[in-house]
Amino acid sequence: MRLGIDFGTTHTVAAVVDRGNYPVVSFDGVDAWPSLIAGNTAGKLRFGLDAAAVRHTPGWSVLRSFKRLLDDAGPDTEVSLAGHVYPLAELLTGFLSQLRNDLHRRSNADLPKRERVEAAISVPANASSAQRFLTLDAFTKAGFDVVALLNEPSAAGFEYAHRYRSTITAKREHVLIYDLGGGTFDASLLKMTGTRNEVVTSHGIRHLGGDDFDEAILTLVLKGSGLTGVDANTREALLEECAARKEAIGPNTRRFFVDLSMAGEQSFSCSVDDVYAVCSPLAQQTVDVLAQVLRDPRGDSALDWSEVAGIYIVGGAGSFPLIGRMLRAAFGDKRVKRSPHPFAATAIGLAGFLDKEAGYTLSERLTRHLGVFREAQAGTDIVFDPIVPKDTALPAEGEPPLVVTRTYRAAHNIGRFRFVECSQIVDGRPDGDVTPYAPVLFPFDPDLHSDRHLARRAVVRRDAGPDVEERYVITRAAA
């Protein structure tokens with residue numbers, strides 16, 4: 001069986017490749033699997049539907065939105081839950097293992113227990129390499145045969161192509177994907193030619209999503225109702241209530257009601273315009289990113305709006321009516337479309353990408369800069385060397401890997417490489433979302449080649465070090 005699986009901040013969604021159709025898998029009658037982990041003081045863990053079942057049970061603690069923890073995580077990152085400490089990678093693997101079991105036991109996927117599961121999975125466009133590795137590794141350990149790893153807005157582009165290919169013309173070949181999930185926002189500009197989707201550029205905000213809208217609404221409710229001294233459990237229940245009420249807002253909703261019984265009060269109500277007012281600054285940040293994507297995607301000239309077939313809203317938080325309202329105000333009514341299934345658009349697109357009969361191909365680009373800090377001026381200065389810049393085109397299927405080389409004369413007995421990923425470079429320095437790698441040590445002194453304790457050795461400058469060539473190989477899998 002072939003599945004597109006979108007591991008989301010709030011829900012995880014799977015879609016099946018089924019003879020040109022991509023139906024969403026339902027679990028116990030619901031078209032999404034909760035992205036929740038629950039633990040108790042005895043050290044027991046539950047995942048997904050089982051975690052949701054005990055989320056209000058005394059003695060159980062729930063870890064929600066744990067995908068956001070992957071933003072800055074590494075292989076050794078640990079998480080505290082119900083008084084126990086767990087490796088984050090282990091929790092993610094357990095979560096995905098339970099997902100695979102529930103695909104067999106509790107879904108309508110009709111998946112035989114021993115059948116091989118080919119999966120296309122996704123990550124946020126601005127995810128770091130560490131987040132990509134942790135996600136891929138956990139899916140593999142959980143028993144999925146991962147055949148593709150795509151950026152979420154790139155995957156959603158295939159869902160657009162599946163539904164709205166007729167809107168693409170020779171004069172309007174570009175589609176702007178607006179992807180607002182529970183924890184991240186991404187915007188990608190795609191050029192669609194036939195069955196080929198080419199990513200032109202991507203921008204995003206790694207720490208902005210539906211969770212942040214929920215927090216803004218909760219602040220409004222607490223202030224408006226006069227509630228103070230709310231304990232952690234009650235606050236969590238109120239936040240959950242605010243999220244549910246937000247998701248129930250429709251285009252014609254005028255009043256916003258919140259049940260406060262868990263805090264010993266009756267209810268709170270306000271105009272829905274008050275809710276929009278506290279959320280508008282967050283939504284405006286996403287509109288500003290769209291303008292940035294359109295401003296100079298080619299490096300030499302801005303993309304003319306007449307070349308854009310439309311803006312496509314996907315992601316669970318994209319269904320909030322304020323989003324469509326602000327986008328239409330900024331870019332016009334006619335070319336702003338929302339996916340009929342915004343929460344499932346990425347999973348459906350992933351399934352479409354796996355469909356060999358559909359023949360879709362993707363030309364992806366790096367969404368972050370990769371570089372390294374080094375000494376300059378005989379050690380009196382530190383500079384940043386970009387190695388692979390953002391928007392570098394990645395090899396398509398069947399193309400040879402991209403190879404980048406750096407050559408220099410080593411000035412030390414030990415090289416200490418301080419690699420960094422970042423969303424932008426300003427005045428030659430990493431800026432925006434910056435993700436440092438752990439330092440990498442390499443022995444330039446031949447006498448140290450077999451030394452397993454380089455971190456204990458002193459770094460010494462040398463007048464005549466060896467000539468060094470670094471080679472970086474970028475393959476299609478890096479997308």
Side-chain angles (χ1 to χ4, degrees), residues 8-11 32 65 68 124-125 152-153 156 159-160 175-188 203-225 238-259 267-294 305 308 310-346:
T9 303
T10 307
H11 297 99
S65 301
R68 299 191 93 168
E152 288 167 1
E159 197 250 357
Y160 182 94
V175 174
L176 190 53
I177 304 296
Y178 176 105
D179 185 1
L180 183 63
T184 58
F185 170 71
D186 288 316
S188 287
H203 291 275
I205 306 172
R206 291 174 67 196
H207 303 284
L208 176 62
D211 283 1
D212 303 288
F213 287 74
D214 298 340
E215 287 285 351
I217 295 170
L218 176 60
T219 300
L220 169 69
V221 171
L222 292 175
K223 183 177 180 180
S225 64
L238 286 170
L239 183 62
E240 196 174 305
E241 168 72 3
C242 288
R245 298 292 183 172
K246 179 202 71 178
E247 292 172 5
I249 294 176
N252 299 318
T253 303
R254 295 292 175 263
R255 300 291 298 176
F256 182 74
F257 295 90
V258 177
D259 179 11
S267 64
F268 168 82
S269 71
C270 65
S271 167
V272 76
D273 288 336
D274 294 333
V275 175
Y276 289 164
V278 298
C279 293
S280 289
L282 298 171
Q284 185 60 48
Q285 293 181 49
T286 68
V287 175
D288 293 342
V289 169
L290 287 194
Q292 181 182 359
V293 170
L294 290 169
W305 180 239
V308 179
I311 295 174
Y312 197 47
I313 303 173
V314 300
S319 59
F320 190 36
L322 175 67
I323 300 302
R325 176 186 295 188
M326 293 186 67
L327 290 177
R328 286 190 292 272
F331 299 99
D333 285 342
K334 293 183 178 180
R335 278 182 274 171
V336 176
K337 299 181 184 296
R338 193 180 78 185
S339 170
H341 306 289
F343 76 97
T346 296

Fill in: Derivation of the side-chain contact (heavy atoms from CB on, under 4.5 Å) call for Ile177 and Glu152
CA-CA 10 Å; Ile177 304 296; Glu152 288 167 1; over 6 Å; no
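- Applying the ring-ring contact (aromatic ring centres under 6.0 Å, His included) test to Tyr160 and every residue at least two apart in sequence or in another chain returns Tyr164, Tyr312.
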Using the rule given for side-chain contact (heavy atoms from CB on, under 4.5 Å), can you reason through Leu327 versus Val287, listing the C-alpha separation, both sets of side-chain angles and the distance that settles it, and then say yes or no? CA-CA 7 Å; Leu327 290 177; Val287 175; 4.0 Å; yes
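- Of the inter-residue distances, the one linking His341 atom NE2 with Thr346 atom OG1 reads 13.5 Å to the nearest 0.5 angstrom.
- A salt bridge links Asp212 to Arg68: at least one charged side-chain nitrogen sits closer than 4.0 Å to a carboxylate oxygen.
- With Arg255 contributing its side chain and Val272 its backbone, the two residues share no donor-acceptor pair below 3.5 Å.
- No side-chain donor-acceptor contact under 3.5 Å links Arg328 to the backbone of Arg335.
- Summarising the geometry of Ile313 relative to Gly324, their closest heavy-atom pair is CD1-CA, 4.1 Å, with the distance given to 0.1 Å.
- Within the 3.5 Å criterion, the main-chain N or O of Val258 finds no donor-acceptor partner in the side chain of Glu241.
- At least one donor-acceptor pair under 3.5 Å links the side chain of Arg338 to the backbone N or O of Ser319.
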Task: Derivation and outcome, side-chain contact (heavy atoms from CB on, under 4.5 Å), residues Leu176 and Phe331 - done: CA-CA 11 Å; Leu176 190 53; Phe331 299 99; 5.6 Å; no
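- Taking the six-membered ring for Trp, Phe268 and Phe256 have ring centres at least 6.0 Å apart.
- Nearest heavy atoms, Val314 versus Ala156: CG2-CB, 3.8 Å.
- In this structure, Ala216 and Leu282 approach most closely via the heavy-atom pair CB-CD1, 4.3 Å.
- Side chains of Gln292 and Asp288: a donor-acceptor N/O pair is absent below 3.5 angstrom, by distance only.
- Across all their heavy atoms, Phe185 and Ala187 have their closest contact at CZ-CB, 4.0 Å.
- A donor and an acceptor atom, one from each side chain of Glu159 and Ser339, are located under 3.5 Å apart.
- To the nearest 0.5 angstrom, Asp259 atom CG is 7.5 Å from Ser267 atom OG.
- The minimum heavy-atom distance linking Asp179 with Gly315 is given by the pair OD1-CA, 3.7 Å.
- Asp186 places no side-chain N or O within 3.5 Å of a backbone atom of Pro153 that could act as its donor or acceptor partner.
- Using a 4.5 Å cut-off on side-chain heavy atoms (C-beta onward), Thr286 and Leu208 make contact.
- For the atom pair CG of Leu239 and NZ of Lys246, the computed distance is 9.5 Å after rounding to the nearest 0.5 Å.
- To the nearest 0.5 Å, atom OG of residue Ser280 and atom CZ of residue Arg325 are 8.5 Å apart.
- Taking the side chain as every heavy atom from C-beta outward, Val308 and Val175 never approach each other to under 4.5 Å.
- Expressed to the nearest 0.5 Å, how far CD1 of Ile249 lies from CG of Leu322 amounts to 9.0 Å.
- For Tyr276, the ring-ring contact (aromatic ring centres under 6.0 Å, His included) partners at least two apart in sequence or on another chain are Phe320.
- Under the 3.5 Å distance criterion, the side-chain polar atoms of Ser269 are left unmatched by any main-chain donor or acceptor of Phe257.
- Side chain to side chain, Asp211 and Ser65 meet the donor-acceptor criterion of an N or O pair below 3.5 Å.
- Residue Gly204 comes nearest to Val289 through the heavy atom pair N-CG1, 4.2 Å, listed as atom of the first residue, atom of the second, then distance.
- Here the straight-line distance linking atom CE of Met326 with atom CG of Leu290 works out to 10.5 Å at 0.5 Å rounding.
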Item to check | Test side-chain contact (heavy atoms from CB on, under 4.5 Å) applied to Lys337 and Ile311, step by step | outcome: CA-CA 6 Å; Lys337 299 181 184 296; Ile311 295 174; over 6 Å; no
